[in-house]
Every structure is written in C-alpha cells, then in structure tokens.
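The analysis underlying the following values was restricted to heavy atoms, covering all of them including side chains, and did not include hydrogens, waters or symmetry mates.
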Amino acid sequence: QVRVVESGGGSVQSGGSLRLSCDVSGHTYNHLVVGWFRQAPGKEREGVAAIEDDGRTFYTDSAEGRFTISQDNVKNTVYLQMNSLKPDDTAMYYCAADPAHFLGDQYFDSTLFGFWGQGTQVAVST
C-alpha cells in the first residue's frame with residue numbers, strides 16, 4: 001500500500017517562500033512518478049510540477065521559474081520549493097504518485113495518478 005503524506009503548508013505574504021514536503025512510502029515499484037497538484041476554492045485541480053525517479057523534472061507555466069521540485073531518494077521525500085508566491089498560488093496542495101510511464105502533459109493530469117495524500121493548505125496574502 002503506497003502512503004503519501006504532505007507537509008509544510010502555511011500562510012505567507014506575497015513574495016514569500018514555502019517548502020512543501022511529500023513523503024512516499026510502502027511501495028515496491030521499480031518506477032514511480034511523483035507530482036504536485038493544487039486546487040483553489042471553486043476551481044479544478046491543476047498540475048504544478050512532477051519528478052521522475054531519475055530526477056527529470058516537469059513544470060507547468062504557472063510554476064516555471066518560481067517553483068522547484070526535487071527529491072531525496074534516501075528519505076523517500078519529494079520537495080516543492082515555492083518562491084515569489086502570489087495570492088493566486090493560494091490553494092490546497094496535493095502530492096500524488098504513480099508507477100505509470102508518462103509523456104508530456106500526462107505529468108499534470110490528476111486522473112492518471114493513483115496514490116494521493118490528504119493535502120496541505122497554502123495561503124498567500126497581499
């Protein structure tokens with residue numbers, strides 16, 4: 001049973017930074033993709049960034065240049081460093097994992113990820 005647990009959310013002012021953590025455990029897959037998604041009130045869940053187990057990273061336009069996804073394979077933890085935060089970044093952030101092999105925009109398709117955490121709230125004020 002794959003377990004996904006996020007942490008690190010909080011409240012910051014515009015321009016501030018936060019680092020989210022995602023602990024992934026309990027799997028025996030040879031390959032695993034981990035992605036970060038977010039959902040703001042009244043909006044659909046959207047992809048933010050993803051990372052392959054070989055270290056390749058993928059970002060949506062909204063995250064490119066401000067967010068950095070990374071992983072610590074020893075700790076089985078994936079991080080999302082978020083800088084220059086804006087009020088539009090306010091959302092519940094979810095970490096997800098899946099053993100499938102993705103291409104292109106599939107990395108940001110929430111319907112393709114099978115294992116999800118409970119989410120961590122990020123609030124950015126003006």
Side-chain angles (χ1 to χ4, degrees):
Q1 181 72 21
V2 180
R3 188 165 180 254
V4 179
V5 179
E6 307 97 332
S7 61
S11 298
V12 295
Q13 290 189 326
S14 182
S17 299
L18 281 174
R19 188 176 80 158
L20 307 183
S21 298
C22 173
D23 293 324
V24 182
S25 61
H27 76 90
T28 58
Y29 297 110
N30 292 325
H31 167 261
L32 203 69
V33 176
V34 177
W36 282 99
F37 296 80
R38 67 185 183 186
Q39 188 166 18
K43 295 187 177 181
E44 293 186 356
R45 190 169 297 188
E46 63 175 2
V48 176
I51 188 165
E52 281 278 6
D53 51 10
D54 63 6
R56 286 177 294 137
T57 57
F58 307 86
Y59 298 94
T60 57
D61 289 344
S62 62
E64 186 77 54
R66 297 188 301 127
F67 296 180
T68 302
I69 189 170
S70 62
Q71 62 189 0
D72 183 329
N73 290 328
V74 175
K75 295 182 179 179
N76 294 321
T77 301
V78 172
Y79 303 99
L80 184 68
Q81 177 67 43
M82 303 187 296
N83 299 327
S84 302
L85 282 163
K86 308 172 183 177
D88 285 349
D89 295 317
T90 295
M92 183 71 79
Y93 282 70
Y94 297 92
C95 183
D98 200 274
H101 291 270
F102 296 145
L103 293 172
D105 288 344
Q106 290 179 331
Y107 286 101
F108 311 123
D109 186 344
S110 62
T111 65
L112 299 179
F113 283 76
F115 304 102
W116 289 83
Q118 294 301 306
T120 185
Q121 181 69 44
V122 171
V124 184
S125 59
T126 57

Tabulate below the donor-acceptor pairs under 3.5 Å that side-chain atoms of residues 7-32 make, not counting sequence neighbours, or state none.
residue	atom	partner	partner atom	Å
S17	OG	N83	OD1	2.9
D23	OD1	T77	OG1	2.6
H27	ND1	Y29	N	3.2
H31	ND1	P99	O	2.9
H31	ND1	A100	O	3.4
H31	NE2	E52	OE1	2.6

Inset, instruction - Kindly determine whether T60 and E46 satisfy side-chain contact (heavy atoms from CB on, under 4.5 Å), including the steps that lead there. - result: CA-CA 9 Å; T60 57; E46 63 175 2; over 6 Å; no
Legend entry - Nearest-0.5 Å distance that lies between atom CG in D88 and atom NZ in K43: 6.0 Å
Legend entry - Spacing of E64 atom CD and T57 atom OG1 [to the nearest 0.5 Å]: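 The OG1 atom of T57 is 8.0 Å from CD of E64, to the nearest 0.5 Å.
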Legend entry - Sequence neighbours excluded - side-chain hydrogen bond (donor to acceptor under 3.5 Å, both in side chains) pairs with any residue from residues 117-126: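 Non-adjacent pairs meeting side-chain hydrogen bond (donor to acceptor under 3.5 Å, both in side chains): zero.
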Legend entry - Side chain proximity check, C95 to V34, heavy atoms < 4.5 angstrom: yes
Inset, instruction - Keeping the roles fixed (side chain from E6, backbone from G119), state whether a donor-acceptor pair exists under 3.5 Å. - result: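 Checked: pair present.
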Inset, instruction - Just jot down the side-chain hydrogen bond (donor to acceptor under 3.5 Å, both in side chains) partners of R45, sequence neighbours excluded, or say none. - result: Q39
Legend entry - ILVMFWY cluster membership beyond M92 - transitive side-chain contacts under 4.5 angstrom: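 In the cluster with M92 are V33, F37, F58, Y94, F102, Y107, F108, L112, F113, W116.
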Inset, instruction - Return the minimal non-hydrogen interatomic distance between V122 and M82, and the atom names on each side. - result: CG2-CE, 3.9 Å
Legend entry - Residue pairs passing the salt bridge (Lys or Arg N to Asp or Glu O under 4.0 Å) test where at least one lies in residues 66-76, sequence neighbours excluded: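 Only R66-D89 qualify under salt bridge (Lys or Arg N to Asp or Glu O under 4.0 Å).
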Inset, instruction - Kindly state each residue pair satisfying salt bridge (Lys or Arg N to Asp or Glu O under 4.0 Å) with at least one member in residues 98-109, sequence neighbours excluded. - result: none
Legend entry - Pair listing, ring pair (Phe, Tyr, Trp, His ring centres under 6.0 Å) test, anchored in residues 66-93, at least two apart: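 Residue pairs passing ring pair (Phe, Tyr, Trp, His ring centres under 6.0 Å), neighbours aside: none found.
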Legend entry - Set of salt bridge (Lys or Arg N to Asp or Glu O under 4.0 Å) partners for D54, sequence neighbours left out: R56
